[in-house]
Amino acid sequence: MTRSNVSLLLLALVGCGPSLPRATGEIPPLDVEENVQDVVVDTTTPIEREDLGVAQLVEARSASPIVTIRVVFDVGSAEDPEGKEGLARLAARLRVEGGAGDRSYAELVRALYPMAGTIEASVSREQTAFVGRVHRDHVDAFYAIFRDVLTRPRYDERDFERLLARAKSALSLELRGSDDETLGKELLHTMLYEGHPYGHPELGTERGLDAITRADVLDFGARFHCGGRAVVGLAGAYPEGLAARVMEDLAGLDSERCLGRRVLPTPATPGPRVWLADKPDAQSVAMSLGVPLEVTRDHPDYPALTLAAAWLGAHRTFAGYLMSEMRGKRGLNYGDYAYAEHFEQEGWTRFPAPHTARRQQYFSFWIRPVPREKAHFALRFAVRSFREQITRGMTQADFERIRTFVDGYFALYLQTESRALGFAVDDRFYDTADPWLQGLRAAWRELTVEQVNAALRRHVDPAQLQIALVTSDAAAFADQLASETESPMRHAGATVPDDVRALDEEVARYRIGIPRERMRVIPANELFAR
Amino acid sequence: MRASTLVLALMLASVAQAQPAADAPAHPLFPRPPETTRLPNGLTVVSVPWSTPGIVAYYTLVRVGSRDEVEPGHSGFAHLFEHMMFRGTEAMPGPAYEERIQALGADNNAYTTRDFTLYTLTAPSASLSELVSIEAERFQRLHYDEDVFRTETGAVQGEYAKNASNPFLPMWEAINELAFTRHTYGHTTMGYLRDVCAMPTRFEYSQRFFRRFYTPDDTTLVVVGDVDHAELVRLVREAYGRWRGRRDQPRIPVEPEPTQGGARHLVWDAPTPPRVWMAYRGPSFDGGHARGAARATALRTTAALEIAKALAFAEPSPLYQRLVVEERKLLELASWTNDFTRDPGLFLVTSVLAPSEDREVASDVSPESAGSAADFSAVTDAIQSELARIAAGETPVERIEAVRSNLRYGMLTQVQTPSDVADLLANLAAAGGSVTALDEYLAALAAVTPEEIAAAARRYLVPERRFVVTLAERRTSDGPRPEAAPLCPEPTAGGAR
C-alpha cells in the first residue's frame, strides 16, 4: 500500500570492550589520511569463546489448536569460519531441506504434506532458529519428523549440492541483481562491521560458498547445534510430556566438540563514509544510513532509544518524522524509517520477526529508493535529520504523542502465540528480567522527554555515520555529493506551505560534509566476493 | 521445507478453531458463522467473533480495482486512489486523521488488487466506536486539494521505484499483457510507468473516481474479534446511515477465448538466474457471479484447478521432486494460489532455472549458454507433460486426498489473528460477491471429484491457453544495454520550487 534479534551481563561486557565515542552534536574535522585506510583484520589471534550454558525451556501452553515448537541456537553467521562465509546458514538449511533419520528429503516432504506441517530454518548474525508448526491433530507424527531433523540429519551429498547452488544464486544473482533495498542494507552492514564477524551477509561470500564442503557442514552442526546453546519454546495445545521429550532429545546433541560463542570485537570507528554500490541498471537510489550502537535490549537506555526511533520513523507507519516529512509532505519516495536495533519484518505483516537478537546493535535509517533526480536532496534531508533531530531531540508534545502510539501499537506484535513465543525465547538471549514488550511499556511510562533526548545524544554518534547507497552511475553521484552543489526540492504541487519551503531551502544547501576521498564506489557485481 | 504459500487455498475443515457455543451452528473455520446485515443504503456489515487479546480488525472492502480502469492512460489509478484515502477530510484533515489513528496505536494500511481495494485497520477492541467514527468520516467525506494530490503521486512513483529493481515487475506486466488483449486485467494494478508518471495531472479525474466508486452499495465492512454484532450494526447505522451513492458500472471489455497462446522474452540488465513464468487463462471464480447450478459448477471448477495446481507444483509433487530435487534443473518451482478473480483470470506457474555451471558470475555479459531457448522449452515441456497426466486422470486418489488434507490443515494453521480472518473473508467476498462465497467454496473443495479435476485440466491447462514469459540476463546477441534513464522522463506540470 499505501503506505503502503546475551546472556549474562558479565559476558556482554567482555564482548563489548571500550565505549564508543559520544555524540558531540557537531561533525569533527576529518583527518583524511588517518581515517581513509581500510580496517586491518588480524587473523592470527585465536578466537576467544564464552562457556557453554545449558538448554533452556520456555513454555506457553494454551488452548490454541496450532502447536509451535521453536528451537533456537545461539549461533549465526558471526560464527562462519573465515573463508567459509555462509556456512552457518547452509548448515541450518541442510537440516530442513534435506533428508533426516530414515527418510530421504522426498519422503520427509511427503510425510509432512497431508498434515500441512512446516519446519523452517532462519539464520541471523547470532541466532539459528528451527521452527515447527502443526495442528494439534498431528503433533505426535510431526514431532517424530522434527526430532529427526534436529538430531538425525542425513546431510546427503546431493541435498548439499542442491542447496549450495541455490545459496550461490541467491547471493551472486538475486541479492546483486533483483533487490536494491536489501543490497543497500547489507552494504551498510559491511561498512558498520568491517573486519568484524557481522560484516558479511548470512548468505555468505562468493569465496566462502566456493570453499564450503559437506564435511564443513557436518563439523559445524556438531560444534554449534548443541543443547548447551539452545532455547526451546513451545506454544499451543501440545500434549503433556512433549516439553520433556524435546529437552531429552536435545541433550543428545551435546558432545565434547560443542563450542561456546566467540567473543566479539568492538566495531571499528572509521569516521563518516559513503560507499556506493554501482549498479548500472538502477533507476533510483536505495539508501541505508547508520552508526554502531552499544545499547541492546538488556541496557537501561534501550526503552528510550526505541521510543526515539519510533519518533524518527516507526517502521512502515506514518507516526515518524522522516515519513511525515519526506514522503508525506514531499512525495520523495515510498517510505522512510528509523531503527534502534536490527529489524526484520515478519512476512507480510509490518511487525518484527523474532530471532534476530545480537550482542551488538546499530542505529539506522532506511530511506526507500528515491528517483535519481531527487536523490541528492533526499540524502541531504536524511543526513540532516540524523544529525540535527538527534542533537535537538523531541519536544514534550512529540514525546506524549509517540509514547501513546507505541504503547498501543507494540501490543499488536503479540497477536499470534507463535510470535509471542519467539520474543520470549529471545528474552533468554538478552537475559532480561521482564518480557520484552512488557518491560518496554513499563519503562516508557516512567521516562521523561529529557531522559529520552539525553539517551539519544549519549549513544548515537553522528560523527560515525556510515552511508550506503545503491545507484547507477555511482562515481558521478559521488562527485555530485562531494561538490555540495545546491539540490533544490521540486514539488509536484503548485503551492508549498511556508514552513515546508523554508526547510526545503535549508536542506537544498545542507552540507553533507563528507569529502570525495571518503566515498568509495564498488561495482555491485563485486560486493560480497570475499 | 518451504513455507506453505496457501494463503487463500481454502479447505473443508471439520475441526473448529474453538468449540462453538451450544446454540450456534458449527462453522469449519470460525467459532460461529459470520453474521451479516445490509443497511438500506446498500452498505454490508459482517462480523465474526474471534478470541483475541483485546484486538479488533476493522476492514473495509471496496470492490474497485485495476479491473475498473477502462480509460486509456489511467492504469494504476485505483491504487493511487487508495493512497489518497489517507489524506483526511475537511472536518478531519490529514494530520488530524493521523493523530486519531496514532492515539489508538492502530495498525493502519490498505492494498489494491485487480478486483478490489481493502482498507485494513487493526486496533484495541475498546476503540471500536472510534474506529467506526474515523472510517465513516473518510469514506463519506474524503477531501484533499490538488497540491496534496500531486505530492502523493510522488509516493506512488516511489512505490514503483522500489519494485523496479525486481524482475517480477516486468514479468508480471508482460504476462498480463500477453494473456489479455482487451480486458483490463491486461495491465497491472501498479500501472504502467508512463501512466504512473502522468498521475500528477489527473486531479480532476481522481475526484470523479471517488464519487464513481466509493459508494455504500459495493462496500463491505468486515469486523473480527471481540465484537457484538448488534452493537456494531447500531454504531455503523448511526455513522454511515446517510451515505448515499450508486457505484458506476464501467463497461469492462470482454476478453475473447484464447486460441494459440503466446510467448515473450525479456532481457534483464543486472545479474539474474533465468526465469520462466507460465500463465494459463482460467475461469472466473464463480462464473461471473452466476446463480444456481451454474454457480455451483463454476465453484467446483475453481476448486478443481486449485487441487490440480497443488498436484502439479507443491513440493511433494513428482514434477517438483524431479526438476528441483533430483535433476536440479530448477532452483524454484511454485504456483501462486491467491488469485481468484471476478472475471476469467490466470493460473500462474513461476520457476527459476539453475544457472549454467560455467557462467562467469562477475562479468557484465553472461555466456550464451545461460538461459537458452532450449533450456526454457525443456522446462515448459516438462510442466505441460505433467499437466497432461493430470488431465488424463492418471493421478492416484491418495494424492488427491493428501492435497485435500493439506489444504484443510493449511487453512486451520494459517488463520490465526482477527486480521487473518478479515482478510480471508474480504478476498472471498470480493471474488464471489458476498462473504457466503467462503462457505460455498469450502463445500466445493470437499465435493470436487477426481474426474472433475481431470476435466478442468483438460479444459484450461492446455497449450492454446498458455502464455509464457522468459527472462534472462542480457547476452551479447541482445545488443548493448540502454543508458540508465530517469524514472519519469521529465517533470510533469506544476513544479513549484
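Just so it is clear: chains get the letters A, B, ... in the order the sequence lines come, proteins before strands, and each one is counted from 1.
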I'd like to know if the side chain of B:Arg150 reaches the main chain of A:Ala492, judged simply by a donor and an acceptor atom lying under 3.5 Å from each other, with no hydrogens or angles considered.
yes
Max heavy-atom pair count under 4.5 Å with chain B, selected residue of A:Gln283, A:Arg162, A:Gln415:
A:Arg162
At a 4.5 Å cut-off on heavy atoms, which part of A:Phe351 comes close to chain B: side chain, backbone, both, or neither?
side chain
What's the verdict on salt bridge (Lys or Arg N to Asp or Glu O under 4.0 Å) for A:Glu161 and B:Arg328, showing C-alpha distance, side-chain angles and the deciding distance?
CA-CA 9 Å; A:Glu161 286 170 8; B:Arg328 292 169 24 208; 3.0 Å; yes
Which answer fits A:Lys168, side chain, backbone, both or neither, if we ask what part of it has an atom under 4.5 Å from a heavy atom of chain B?
neither
Quick one: list whatever passes ring-ring contact (aromatic ring centres under 6.0 Å, His included) with A:Phe160, sequence neighbours left out.
none
Measuring from B:Leu104:CG to A:Leu412:CG, what's the distance to the nearest 0.5 Å?
10.5 Å
Looking at B:Pro53, B:Gly54, B:Ala106, which one has more heavy-atom pairs under 4.5 Å with chain A than the rest?
B:Ala106
Can you measure from OG (B:Ser419) to CH2 (A:Trp348) and round to the nearest 0.5 angstrom?
15.5 Å
Of the non-hydrogen atoms in A:Gly177 and B:Ala270, which two are nearest, and what is the gap between them?
O-CB, 3.6 Å
Side chain, backbone, both or neither: which part of A:Glu107 has a non-hydrogen atom closer than 4.5 Å to chain B?
neither
Relative to chain B, which segment of A:Arg110 carries a heavy atom at a distance below 4.5 Å: side chain, backbone, both, or neither?
both
Report the residues that fulfil salt bridge (Lys or Arg N to Asp or Glu O under 4.0 Å) with A:Asp281, sequence neighbours left out, ordered by chain and then residue number.
A:Lys279
With rounding to the nearest 0.5 Å, note down the distance linking NZ in A:Lys374 to CD in B:Gln157.
5.0 Å
For A:Ser169 and B:Pro273, which heavy atoms make the closest approach, and how far apart are they?
OG-CG, 3.7 Å
Please look at B:Gln321 and chain A and tell me whether the side chain, the backbone, both or neither of the residue comes under 4.5 angstrom of a heavy atom of that chain.
side chain
Between A:Ala319, A:Ala121, A:Ser472, A:Gly335, the one whose heavy-atom pairs under 4.5 Å with chain B are most numerous
A:Ala319
Evaluate salt bridge (Lys or Arg N to Asp or Glu O under 4.0 Å) for B:Glu159 paired with A:Arg368, printing each intermediate quantity in order.
CA-CA 9 Å; B:Glu159 191 168 352; A:Arg368 307 196 73 166; over 6 Å; no
Give, as side chain, backbone, both or neither, the part of A:Asp407 having an atom under 4.5 angstrom from any heavy atom of chain B.
neither
Segment of A:Ser284 engaging chain B (4.5 angstrom heavy-atom cut-off):
side chain
Name the region of A:Arg158, side chain, backbone, both or neither, that has any atom closer than 4.5 Å to a heavy atom of chain B.
both
Region of A:Glu373 in contact with chain B, defined by heavy-atom distances below 4.5 Å:
side chain
Counting heavy-atom pairs under 4.5 Å with chain A, which one of B:Ser165, B:Gly94, B:Ala354, B:Pro95 comes out on top?
B:Ser165
Given a strict heavy-atom distance threshold of 4.5 Å, which part of A:Ala106 is in contact with chain B: side chain, backbone, both, or neither?
both
From the list A:Gly408, A:Ala116, A:Ser324, the residue making the most non-hydrogen contacts under 4.5 Å with chain B is A:Ala116
Under the criterion salt bridge (Lys or Arg N to Asp or Glu O under 4.0 Å), I'd like the reasoning laid out for B:Arg275 against A:Glu174: C-alpha separation, chi angles, the key distance, then a yes or no.
CA-CA 12 Å; B:Arg275 301 169 195 271; A:Glu174 305 271 8; 2.8 Å; yes
Heavy-atom distance under 4.5 Å to chain A: side chain of B:Val156, backbone, both or neither?
neither
Counting heavy-atom pairs under 4.5 Å with chain B, the top scorer among A:Ala286, A:Ala282, A:Gly328 is A:Gly328
When the 4.5 angstrom heavy-atom criterion is applied to A:Val134 and chain B, the contacting part is backbone
I need the residue from B:Thr117, B:Leu331, B:Asp269 with the largest number of non-hydrogen atom pairs under 4.5 Å to chain A.
B:Leu331
Separation between OG1 (B:Thr151) and CZ (A:Arg327), nearest 0.5 Å, reads 11.5 Å
Quick check for you: to the nearest 0.5 Å, what is the distance between B:Ile101 atom CD1 and A:Tyr409 atom OH?
12.0 Å
In terms of heavy-atom pairs under 4.5 Å with chain B, which of A:Met326, A:Glu417, A:Arg401 leads?
A:Arg401
To the nearest 0.5 Å, what is the distance between CG on B:Asn108 and OG1 on A:Thr317?
10.0 Å
CD (B:Glu99) with more than 12 external heavy atoms under 6.0 Å:
no
Would you say A:Tyr105 and B:Glu315 are linked by a side-chain donor-acceptor pair, where the criterion is simply a distance under 3.5 Å?
yes
Nearest heavy-atom neighbours spanning B:Pro271 and A:Ser172:
CB-O, 3.7 Å
Could you check whether any side-chain N or O of B:Asp147 sits under 3.5 Å from a backbone N or O of A:Ala494, counting only pairs where one atom can act as donor and the other as acceptor?
yes
Any idea which heavy atoms bring B:Tyr409 and A:Pro114 closest together, and the distance?
CD1-O, 3.9 Å
B:Lys162 bridged to A:Glu181 by N-O distance under 4.0 Å
no
Residue among B:Thr417, B:Leu169, B:Thr413 with most heavy-atom pairs under 4.5 Å to chain A
B:Thr413
